[in-house]
Number of protein chains: 2
Amino acid sequence: MALQTIEDHSLAESLFEVFRSRGYEGATLSILSEVTGLKKSSLYHRFPAGKDDMVKAVVLHVSSQLHTQIIEPLINSKEQPEKKFSKMIATVNMFYSDGRKNCLLNILNLGEPKAEIKELLNKDYTDWLVALCTLGEEAGLDKKVAKERAERFLIIVQGALVIQRLTNNKSTFKKNMKYEEKSFLNNPHIKKRAIAN
Amino acid sequence: MALQTIEDHSLAESLFEVFRSRGYEGATLSILSEVTGLKKSSLYHRFPAGKDDMVKAVVLHVSSQLHTQIIEPLINSKEQPEKKFSKMIATVNMFYSDGRKNCLLNILNLGEPKAEIKELLNKDYTDWLVALCTLGEEAGLDKKVAKERAERFLIIVQGALVIQRLTNNKSTFKKNMKYEEKSFLNNPHIKKRAIAN
DNA sequence: GTCACTGTACCGAATGTTCGGTATATTAAT
DNA sequence: ATTAATATACCGAACATTCGGTACAGTGAC
């Protein structure tokens, strides 16, 4: 392969930042060109099908990050469940810049998203959900309880992002993540035990 | 005033539906014209400043609904707090069509929203929050606890909307609202008492 | 007739997209 | 090593379309 002035990875990162902050329609080719450093026609060389190709690449890029940084450590690592969950929270805080940045699962699913994109986003959500369920059960939670908490956790993530963006309160997201960190694995059926701080 | 082919109220409702489902950039004048039944020039007669005027009208329209249907009953009615909260949940379910419809607070606050709109949306959030705090305290909750729960409730509302849209699971929103209905006014400091079902 | 309203026709600007062409790197043959 | 040929990466300029917005001529109720 010939020399690319802009690497695939950093290109996807640049595009990601635009799409996550402005959404599909808000991410114009002019902006994407400006941010990536590639002219519009060059973007079409990299993504022959245009904007749709770019969104797809961004979603796959983020999906890969989600799996390697969040999901796999959650299920593969041999650490204590509490420890794994704490680490995940830290990663999540980083990923969303403590709540200052949006989530693709929200912004790209608004309006009239393409079916293919919708499916990819849905799959990412489900994968994350399943990983959280697995962790919950590993920590001794009842299967049903684990699922309820996992769903609720992901709802809190999305909701906290929306509310923080709405209020400009810098601590909303972090505060709620800390709350989850302390309560997510609490077992209601067994005598309450210490949770890692 | 002369006869309006389309009433202010239903006009705002039509515009509302478009903006809530497609967002600011996604709501093109063509669509707005088609949905309202008014040609572009007529829309500009009604909203001289164009699209921005329309969004503002829609936000004010919804804001008015929020206050009369949700906030005022919450603080003015002399009913039991539990009863008032239950009624609010019913109204909320209606307003979001059991989670099938988006919230302006989310969709209009994405991208690069106009400062004026951002302020209006922020105010609506705050008003709702304050009303919930008042209700919580009225029900005997500690001031701090009331505020935490109010914030968390509104986070759940937004998060559940995002997740339901993401998964197409029709019961997500309703289920979470039911959970809130049962737990929101639970008093952790006083002996647990019966909650209206 | 007046006046609030609506429809037709139109505008410049911006949108996403395509195309012709150049520069550079890679490969193959000599 | 020198060529020639090919493939890749990029760009400038134009493409057709749609965008938000305007000008102006009806239209109908009073």
> Mapping B:Gly50 and A:Gly37 to their closest nucleotides on DNA chain D, which lands nearer the 5' end?
Replying inline: A:Gly37
> With a 4.5 Å heavy-atom cut-off, do B:Leu29 and B:Ser33 have their side chains touching?
Replying inline: no
> Rounded to the nearest Å, what distance is computed from the OH atom of residue B:Tyr24 to the P atom of nucleotide D:dC19?
Replying inline: 14 Å
>> Using the side-chain heavy atoms of B:Tyr44, tell me which of these nucleotides is nearest: D:dT22, D:dG12, C:dT8.
In response: D:dT22
>> Distance check needed: D:dA16 C1' versus A:Leu29 CG, whole Å only.
In response: 15 Å
> Taking the hydrophobic residues Ile, Leu, Val, Met, Phe, Trp and Tyr, and joining any pair whose side-chain heavy atoms are under 4.5 Å apart, which ones share a cluster with B:Val162?
Replying inline: A:Val162
> Taking atom C1' of C:dT8 as reference, at what distance in whole Å does atom CG of B:Leu43 sit?
Replying inline: 15 Å
>> By nearest atom, which of the nucleotides D:dG20, C:dT8, C:dG16 is closest to the A:Lys40 side chain?
In response: C:dG16
>> By the 4.0 Å heavy-atom rule, please label A:Ser41 as base, sugar-phosphate, or nothing.
In response: base
>> If you take any heavy atom closer than 4.0 Å to DNA chain D, which residues from residues 13-22 of chain A end up in contact?
In response: none
> Counting side-chain heavy atoms from C-beta on, which of D:dG12, C:dT15, C:dG7 comes nearest to A:Lys39?
Replying inline: D:dG12
> Would one find a side-chain N or O of A:Thr28 under 4.0 angstrom from OP1 or OP2 of C:dT15?
Replying inline: yes
